[in-house]
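These notes concern the structure reproduced below.
Just so we're on the same page: letters track the sequence lines, and every chain starts at 1.
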Protein chains: 4
Amino acid sequence: MDAIIEAAARILEEQGHGGFTTNAVAELAGVSIGTLYQYFPDKDALLGALIARETAGLVEGAEAACMLATGQQALDALVRAAVRHQVRRPRLARLLDFEEARLPLDAGTQVVRSRFVAILAEILARPDFPEQSDIAAATGDVASIMRGMIDAAGERGEQGQDALVARVRRAVLGYLSMPAGSCP
Amino acid sequence: MDAIIEAAARILEEQGHGGFTTNAVAELAGVSIGTLYQYFPDKDALLGALIARETAGLVEGAEAACMLATGQQALDALVRAAVRHQVRRPRLARLLDFEEARLPLDAGTQVVRSRFVAILAEILARPDFPEQSDIAAATGDVASIMRGMIDAAGERGEQGQDALVARVRRAVLGYLSMPAGSCP
Amino acid sequence: MDAIIEAAARILEEQGHGGFTTNAVAELAGVSIGTLYQYFPDKDALLGALIARETAGLVEGAEAACMLATGQQALDALVRAAVRHQVRRPRLARLLDFEEARLPLDAGTQVVRSRFVAILAEILARPDFPEQSDIAAATGDVASIMRGMIDAAGERGEQGQDALVARVRRAVLGYLSMPAGSCP
Amino acid sequence: MDAIIEAAARILEEQGHGGFTTNAVAELAGVSIGTLYQYFPDKDALLGALIARETAGLVEGAEAACMLATGQQALDALVRAAVRHQVRRPRLARLLDFEEARLPLDAGTQVVRSRFVAILAEILARPDFPEQSDIAAATGDVASIMRGMIDAAGERGEQGQDALVARVRRAVLGYLSMPAGSCP
DNA sequence: CATGAATGAGGGTTCATTCAT
DNA sequence: GATGAATGAACCCTCATTCAT
C-alpha cells in the first residue's frame with residue numbers, strides 16, 4: 001500500500017524517530033494497524049520499503065544523467081538530481097540515510113544503492129575528466145563529498161537548489177582536478 | 001561518573017540506539033540505575049555529556065592545529081585531528097553526530113561545535129590559501145566535505161589514517177583552488 | 001471498560017492509595033496493562049472516571065430529592081441519598097473525596113459537584129424552612145456539616161443508615177433554625 | 001529534630017503528597033538524609049511526629065478552654081481554638097487529617113486525639129447546655145460538625161476567623177438545642 | 001553522630017505485534 | 001482481506017532506605 005509508505009514518510013519527516021510508530025503510520029494512512037501488518041511483516045520492512053522508494057527516485061535521475069553525452073553534462077545532471085532529491089524532503093532524506101546504515105539492507109535496496117555508485121564511476125571515467133589513478137577510491141570520495149555537502153545543506157535548511165548545485169560541482173571538479181598524492 | 005559515560009559510549013557503539021537504555025548503561029558501568037540518575041538527570045543529559053566529552057577531544061586537536069604557522073600545516077593538522085578522532089571510534093562518532101542534530105543542545109556543546117567551525121574559518125583565511133569570495137560558505141562546505149568523507153570512511157570500516165588524510169586534503173585543496181561559479 | 005473502573009474502586013477501598021497502581025488495577029480487572037491505557041490516557045484519567053461514576057449516583061439521588069413537594073421531604077431524601085451513598089462504600093467515598101481536591105477536575109466532574117450544591121441551595125430556600133440571611137453561606141455550611149458527619153460515620157465503620165440520617169437531619173435543622181449571629 | 005518536622009510540614013503544605021519525599025524534607029531542613037533517618041526510623045514515623053506536634057497545639061487550646069467557667073464560654077473557646085489551629089495552616093491541617101486515618105496511629109497520638117473528644121464531652125455535659133439523651137453520640141456528632149465545617153473553610157481558602165467561629169457555634173448550638181428524634 | 005553516594009524494587013507509560021471477529 | 005482491542009515486555013525514572021566513611 002502506497003498510502004502506508006507515504007504516511008511513514010510524512011510521520012518520519014514531521015515527527016522524527018520519536019513519533020514514528022506503526023500505530024501512528026497506520027492512522028495517518030487511514031488504515032488499521034492490522035492492515036499495515038498485512039503488507040509489511042514488521043516495522044523494519046516498512047522502513048526498508050520507504051528507503052527503496054526514495055532511493056529509486058534518485059537512481060532514476062542518475063540513470064537519466066548517465067545518458068548525456070559529455071562527462072561534464074552527466075556530472076552536472078547527476079549533482080542536480082541528487083540535490084533535487086534532497087531539497088524536496090530534506091529531513092526525510094537525512095533520516096533515511098541514517099537508517100540505511102542500521103538496517104540489514106535487503107538485497108533490493110543494496111542493488112539500488114550500488115547502482116548509483118556504478119553510474120557515478122562510469123561518469124567519472126569519461127575522457128573529459130582528468131584520469132584518476134584509483135578510480136574506485138575517487139568514486140567513493142566523490143560520492144561522500146556529494147552526500148556530505150547535500151546533507152549539510154538539508155540540515156541547515158538551505159532552500160535554493162542552484163547555489164548548492166554550483167558548490168557541489170565546484171567541490172567535485174576541484175577534487176578531480178587535484179593531483180592525488182601531493183606532498184604532506 | 002566517567003565510568004557511566006564510557007559505558008554509554010560502549011553501549012552506543014556496540015548496540016546502536018536500540019540497545020542504548022539507561023539500564024544497560026548502568027549495568028555495563030557496574031553501578032545501579034539509581035546511581036546513574038544521581039549523576040545525570042535524564043537520558044538526554046547523559047547523551048549530552050557523552051557528546052561533550054567526545055567533541056572536546058576534537059576541538060582540542062583543532063585548537064592545536066590552529067597554532068601552526070602556515071595554512072597548509074594548520075589544515076593538515078586539522079584534517080589529521082578529525083580523522084584520528086573518527087577512526088578511533090567510527091560508529092560512536094557517527095551516532096553522536098546524528099544525536100547532536102536532535103538534541104536541544106545545551107549551550108556548552110553548542111559552543112564546542114561552533115568553535116570547530118570558527119577555527120576552520122580562521123585557517124582557511126590564511127594567505128597561503130586562495131582567497132575565497134564567500135568565506136563563510138567556503139568554510140561550511142569544507143566542513144561538510146570533511147565530515148562526509150570521514151563519516152563514509154568510518155561507515156566502510158576503513159582502517160589506516162594516512163590514506164584518508166591525503167584524500168581529504170586533496171578534496172579540500174581542490175575545492176579551495178577551484179574558482180567559484182564556473183559555468184556549465 | 002467498567003471492569004477497570006470497578007477494579008480501581010476495589011483496589012482503592014481495600015488497599016488505599018498505597019496499593020493503587022495501574023498494574024494492580026489492570027490485574028484485578030483481568031486485563032493487561034496495555035488495555036487499561038487504551039481506555040484511560042493516564043492514571044488520573046482513571047481516577048477521574050471513577051470519581052465521575054461515584055458522584056453521578058449521588059447527584060441522581062439529589063435530583064430525585066429535589067422533585068419532592070416540601071422542603072422537609074426534599075431535605076430528608078437528600079440526606080438519605082448522601083448517607084446511602086456513603087454507607088455503601090465508606091472508605092472509597094472518603095478517598096475519592098480527598099482525590100477530588102487534588103485533581104485538575106475536568107469540567108464534567110466539576111459540574112456534577114456544583115450541581116449537588118445547587119440542588120441543596122434550592123431546597124434550603126423552600127418556604128417551610130426558616131429564611132436565611134445569607135443563603136450561600138448557609139448552603140455551604142449545611143453541605144460541610146453533612147459531609148463531616150457522614151465521613152466521620154464512614155470512618156468509624158457505622159453500619160445502619162437510619163440513625164445516621166436522623167442525626168444529620170437534626171444537625172441541619174438545628175443549624176437552620178438557629179438565628180445567625182447570636183452573641184457570646 | 002524540630003527543624004526536620006517543620007521542614008516536613010512545609011513540604012507537605014506547599015507541595016502536597018507528591019513532593020513529600022524524605023530527601024526533599026532533609027534538604028529543606030538543611031540536614032542529610034542520613035541524619036533524618038537517625039531521628040525517625042521511617043517516613044511514617046516522621047509523619048506521625050508531625051501529626052503529634054500539630055495535634056498537640058490543638059489539645060492545649062482545648063484544655064485551656066476546659067478551664068473556663070460556663071459551658072458557653074468553654075465551647076466558644078474550643079471552637080475558637082480549633083478554627084485558629086486550622087486557619088494557621090489550612091492545607092497542612094487537611095492533609096494531616098487525612099493521613100491520620102491511614103496511619104497505624106501510635107499510642108501517643110491516639111491519646112492526644114481522644115483527649116480532645118473527652119474534653120468536648122465534658123464541656124457538652126455542662127448544665128448550661130440542653131441535656132443530651134446520648135451524650136457520646138452527641139459528642140461525636142459535634143466533633144464531626146466542627147471538623148467538617150472547618151476543613152471546608154480551609155479548602156475554600158477562607159481567611160477571617162470570626163465569621164467562621166460564629167457559624168460553627170451556630171451549627172453546634174443548633175444541633176444541641178434540637179430535640180433528638182423529631183419525626184421523619 | 002553526621003554524611004550522602006549507592007541501591008534497586010517498583011511505578012507509570014509506550015508500542016510492536018497478534019488474532020479473533 | 002480488513003479490523004482494532006488486547007497483549008506484555010521493556011523503557012525511563014523515583015524514592016525510601018542503607019552503610020561505609
Side-chain angles (χ1 to χ4, degrees), chain A residues 1 3-4 8 11 15 17-27 29-47, chain B residues 1 3-4 11 17-27 29-47, chain C residues 1 3-4 11 17-27 29-47, chain D residues 1 3-4 8 11 15 17-27 29-47:
Chain A
M1 200 72 134
I4 296 174
I11 293 272
Q15 329 228 25
H17 281 116
F20 184 56
T21 70
T22 50
N23 286 281
V25 170
E27 190 184 5
V31 303
S32 75
I33 180 68
T35 301
L36 186 153
Y37 272 88
Q38 222 131 36
Y39 287 93
F40 304 97
D42 59 23
K43 202 189 183 189
D44 277 357
L46 170 57
L47 206 48
Chain B
M1 199 72 130
I4 296 173
I11 293 272
H17 282 116
F20 183 57
T21 72
T22 50
N23 285 282
V25 170
E27 190 182 3
V31 302
S32 75
I33 180 66
T35 299
L36 186 152
Y37 276 91
Q38 213 138 37
Y39 289 94
F40 305 96
D42 58 24
K43 203 190 183 188
D44 276 359
L46 171 57
L47 205 48
Chain C
M1 198 73 129
I4 296 174
I11 294 272
H17 283 116
F20 183 57
T21 72
T22 51
N23 285 281
V25 170
E27 192 182 3
V31 301
S32 75
I33 181 65
T35 299
L36 187 153
Y37 275 91
Q38 214 138 37
Y39 288 94
F40 304 96
D42 58 25
K43 202 189 183 187
D44 277 358
L46 170 57
L47 205 48
Chain D
M1 198 73 132
I4 296 174
I11 294 272
Q15 329 227 26
H17 281 114
F20 183 57
T21 70
T22 51
N23 286 281
V25 170
E27 190 184 4
V31 302
S32 74
I33 181 66
T35 301
L36 186 152
Y37 273 88
Q38 221 129 36
Y39 288 93
F40 304 96
D42 60 23
K43 203 188 182 190
D44 277 358
L46 170 57
L47 205 48

Within the sub-3.5 Å range, which N or O atoms of nucleotides 13-17 of chain E have a protein N or O partner, and how far apart are they?
| from | atom 1 | to | atom 2 | distance (Å) |
| --- | --- | --- | --- | --- |
| E/dT13 | OP2 | C/Tyr37 | OH | 2.5 |
| E/dT13 | OP2 | C/Lys43 | N | 3.0 |
| E/dT13 | O5' | C/Tyr37 | OH | 3.4 |
| E/dA16 | OP1 | A/Lys43 | NZ | 3.0 |
| E/dA16 | OP2 | A/Thr22 | N | 2.7 |
| E/dA16 | OP2 | A/Thr22 | OG1 | 2.9 |
| E/dA16 | N7 | A/Asn23 | ND2 | 3.4 |
| E/dT17 | OP2 | A/Tyr37 | OH | 3.0 |
| E/dT17 | OP2 | A/Lys43 | N | 3.1 |

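Evaluation of the side-chain hydrogen bond (donor to acceptor under 3.5 Å, both in side chains) test over residues 30-41 of chain C, restricted to residues two or more places apart or in two chains, returns C/Ser32-C/Thr35.
In this structure, B/Met1 and D/Met1 both approach DNA chain E, and ranking their closest nucleotides by distance from the 5' end singles out D/Met1.
The structure places CG of D/Leu47 at 6.0 Å from CG of D/Asp44, a figure rounded to the nearest 0.5 Å.
The salt bridge (Lys or Arg N to Asp or Glu O under 4.0 Å) check on B/Asp42 picks up nothing, with sequence neighbours excluded. With sequence neighbours left out, the side-chain contact (heavy atoms from CB on, under 4.5 Å) criterion links B/Ala3 to B/Met1.
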Please tabulate, for the side chains in residues 17-24 of chain A, all donor-acceptor contacts under 3.5 angstrom to protein atoms that are two or more places apart in sequence or on a different chain.
| from | atom 1 | to | atom 2 | distance (Å) |
| --- | --- | --- | --- | --- |
| A/His17 | NE2 | A/Glu99 | OE2 | 2.3 |
| A/Thr21 | OG1 | A/Ala24 | N | 3.0 |

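Protein atom CZ of A/Phe40 is 18 Å distant from nucleotide atom C1' of E/dT18, rounded to whole Å. One can place CD of C/Glu27 at 16 Å from C1' of E/dG12, the figure rounded to the nearest angstrom. The NE2-P distance, from D/His17 to F/dC15, rounds to 14 Å in whole Å.
Within the 4.0 Å cut-off from OP1 or OP2 of E/dG4, not a single side-chain nitrogen or oxygen of D/Ser32 is found. Here C/Tyr39 reaches the OP1 or OP2 of F/dA6: one of its side-chain N or O atoms lies under 4.0 Å away.
Considering all non-hydrogen atoms of both residues, D/Ala29 and D/Ile4 come closest at CB-CA, 3.8 Å.
Stem analysis of DNA chain F (Watson-Crick or G-U pairs, both distances under 3.5 Å, runs of at least three) returns E:2-21 with F:2-21.
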